[in-house]
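Below is one structure, written out as structure tokens; comments come after it.
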Amino acid sequence: MSAKEFSYNAPGHGAAQLRHLTIRQLRSLAALSAKGSVTAASSQLGLTQPAVTQQLRQLQDLAGLPLVQRTGDGMLLTEAGREVLALAERVEAAIMDCQGALDLLAGRTGGTVHLGAVSTAKYFVPHAIAAFSKRHPKIEIKLTIGNREEIREAMHGYDLDFAVMGRPPADVTVDVRQLGRNPHIIVARKGHWLEKDSGLNLTDLVHETFLTREPGSGTRTLMEGMFQKTDLEPIIGMEMSSNETIKQAVIAGLGIAFISAHTVAHELAEGRLVVLDVAGLPIVRQWYVIRRSDKVLLPPAQAMFDFLGSEGSNYLPDVPTSASDSRPAFRPSASSRPSPPE
């Protein structure tokens, strides 16, 4: 099947005709986009190849523009095709929302909430979920964890009701509720040679090996921004996609780490990690609960969105003082003021 097989400039047809499209046509386009061929799309949909071809032909005729093109990598969507695919995603999300609302009205379920969270937030989000679930035991919570880039990408669609993350995505129009402060610090293993030094500068750390998150994570981006303000470049030892792995590597003495204090609260309290007293730290960002502005929240999701916005800060970990002395690990400084959303 190629674009020339479709009549997309037929008289009397055009984008205004899209009001006559069908769900089956949209699902055919979505399946073609996902699978790359009519054969695979027909298998996914449980339809014959001629039936899928006919659905695509009719949809393209209604759109008045070519929606697909054949390439060496298979059938790909044109720019117009991607616009129609976005419509398909919105329609599927609306259908799911409607089904959820009907089930809720019929008393068949308490509803389902689809929540996303960046990986750093996994240290407190489950506690907030547990508290919410005690009040609303019939509501099912589905939690998706990923790095900042993964959650940002998920926010482009409509599968998530909302997400907990540090910096709202700039390329999606969102509604935001502030959840609480998110201080970032530099930690080292207990007994590190700089443990008891005060007033350190980044220059004092130029010979230290930093263990970091992968590119695309919010913590990595924040660390890079911190060093970009100087002429210094950190020595990167290992990149890891897990905060847990970073913590264990620091405890093992493989390096130091710039990390959210909420991820190391237990290790600081237990004395396995210490906070290095570096000027200008902590860098305090904010946690936010974010949803697409055009995402209609059903009552269960709206209830949890409001709960996190009003009470979510109660479930942020307590950050202990430095294990080496009674000096507070987080002293007020100009950089401790919350940064505004970008």
Side-chain angles (χ1 to χ4, degrees), residues 1-103 109 112 114-116 140 142-147 149-161 163 169 171-172 214-216 241 292 294-296:
M1 181 183 69
S2 64
K4 67 182 181 181
E5 294 175 321
F6 296 90
S7 173
Y8 50 83
N9 285 320
H13 292 316
Q17 299 298 314
L18 280 178
R19 66 173 62 94
H20 301 300
L21 61 77
T22 67
I23 297 296
R24 178 169 289 186
Q25 291 166 358
L26 291 177
R27 287 175 175 167
S28 294
L29 184 70
L32 178 66
S33 174
K35 297 300 183 179
S37 72
V38 173
T39 300
S42 63
S43 177
Q44 175 179 305
L45 295 170
L47 300 173
T48 65
Q49 293 184 41
V52 173
T53 299
Q54 181 181 18
Q55 297 298 327
L56 292 170
R57 182 182 293 114
Q58 292 172 346
L59 180 59
Q60 186 161 269
D61 190 44
L62 291 172
L65 289 170
L67 303 181
V68 296
Q69 60 185 7
R70 187 183 299 277
T71 71
D73 296 324
M75 301 295 291
L76 299 180
L77 300 191
T78 63
E79 183 177 357
R82 291 191 292 273
E83 287 292 331
V84 178
L85 179 62
L87 170 63
E89 293 172 346
R90 293 196 295 272
V91 169
E92 292 289 2
I95 291 174
M96 291 298 295
D97 287 347
C98 182
Q99 183 62 62
L102 294 177
D103 287 343
T109 177
T112 301
H114 296 267
L115 168 62
E140 179 184 6
K142 293 187 176 180
L143 176 62
T144 299
I145 298 290
N147 66 23
E149 188 61 26
E150 291 167 340
I151 297 301
R152 186 193 68 81
E153 187 63 30
M155 291 294 290
H156 284 158
Y158 292 83
D159 291 339
L160 295 180
D161 289 311
D171 54 352
V172 180
E214 75 286 3
S241 61
R292 288 188 61 129
D294 58 353
K295 171 71 174 179
V296 177

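Residue numbers count from 1 along this sequence.
Few gaps surround CD on Glu214; more than 12 heavy atoms of other groups in view lie less than 6.0 Å from it. Within 6.0 Å of NZ in Lys295 there are more than 12 heavy atoms belonging to other residues, nucleotides or ligands.
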Practice task
Take Asp171 and His156 through the side-chain contact (heavy atoms from CB on, under 4.5 Å) test and state the conclusion after the steps.
Solution key: CA-CA 9 Å; Asp171 54 352; His156 284 158; 3.0 Å; yes
Problem - side-chain contact (heavy atoms from CB on, under 4.5 Å) between Ile95 and Ile23, worked out - result: CA-CA 10 Å; Ile95 291 174; Ile23 297 296; 4.0 Å; yes
Practice task
Walk me through it: do Leu21 and Leu87 pass the test side-chain contact (heavy atoms from CB on, under 4.5 Å)?
Solution key: CA-CA 11 Å; Leu21 61 77; Leu87 170 63; 3.9 Å; yes
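Judged purely by atom type and a 3.5 angstrom limit, Glu150 uses its side chain to pair as donor or acceptor with the backbone of Asn147. The backbone N or O of His114 sits less than 3.5 Å from a side-chain atom of Asp161, completing a donor-acceptor pair. In this structure, Ser33 contributes its side chain and Leu29 its backbone to no donor-acceptor pair below 3.5 Å. Using modelled atom types, one side-chain atom of Arg82 and one backbone atom of Leu77 make a donor-acceptor pair closer than 3.5 Å. Proximity of a side-chain donor or acceptor of Thr78 to a complementary backbone N or O of Pro66 within less than 3.5 Å is detected.
Between Leu59 and Gln25, the shortest heavy-atom distance links the atoms CD2-O, 3.6 Å. Across all their heavy atoms, Ala41 and Val52 have their closest contact at CB-CG1, 4.5 Å. Across all non-hydrogen atoms, the minimal contact from Lys35 to Ala40 is CB-CB, 3.4 Å. Considering every non-hydrogen atom in both Gln60 and Leu65, the closest pair reads CG-O, 3.1 Å. Nearest approach of Gln55 to Ser28, heavy atoms of both residues: CB-OG, 3.4 Å. Taking every heavy atom of both residues into account, Ala154 and Leu160 meet most closely at CB-CD1, 3.6 Å.
Ion pair Glu149/Arg152 flagged as a salt bridge, since at least one NZ, NE, NH1 or NH2 atom sits closer than 4.0 Å to an Asp/Glu carboxylate oxygen.
Note that CG of Leu56 and CG of Leu26 are 10.5 Å apart. Values are rounded to the nearest 0.5 Å. Distance CE/Met96 to CG/Asp159: 9.0 Å, rounded to 0.5 Å. Remark: Gln44 CD to Arg27 CZ distance equals 11.0 Å, nearest 0.5 Å. Atom CD of residue Gln58 and atom CD of residue Gln54 lie 4.5 Å apart, to the nearest 0.5 angstrom. In this structure, CG on Leu85 lies 10.5 Å from CG on Leu67, to the nearest 0.5 angstrom.
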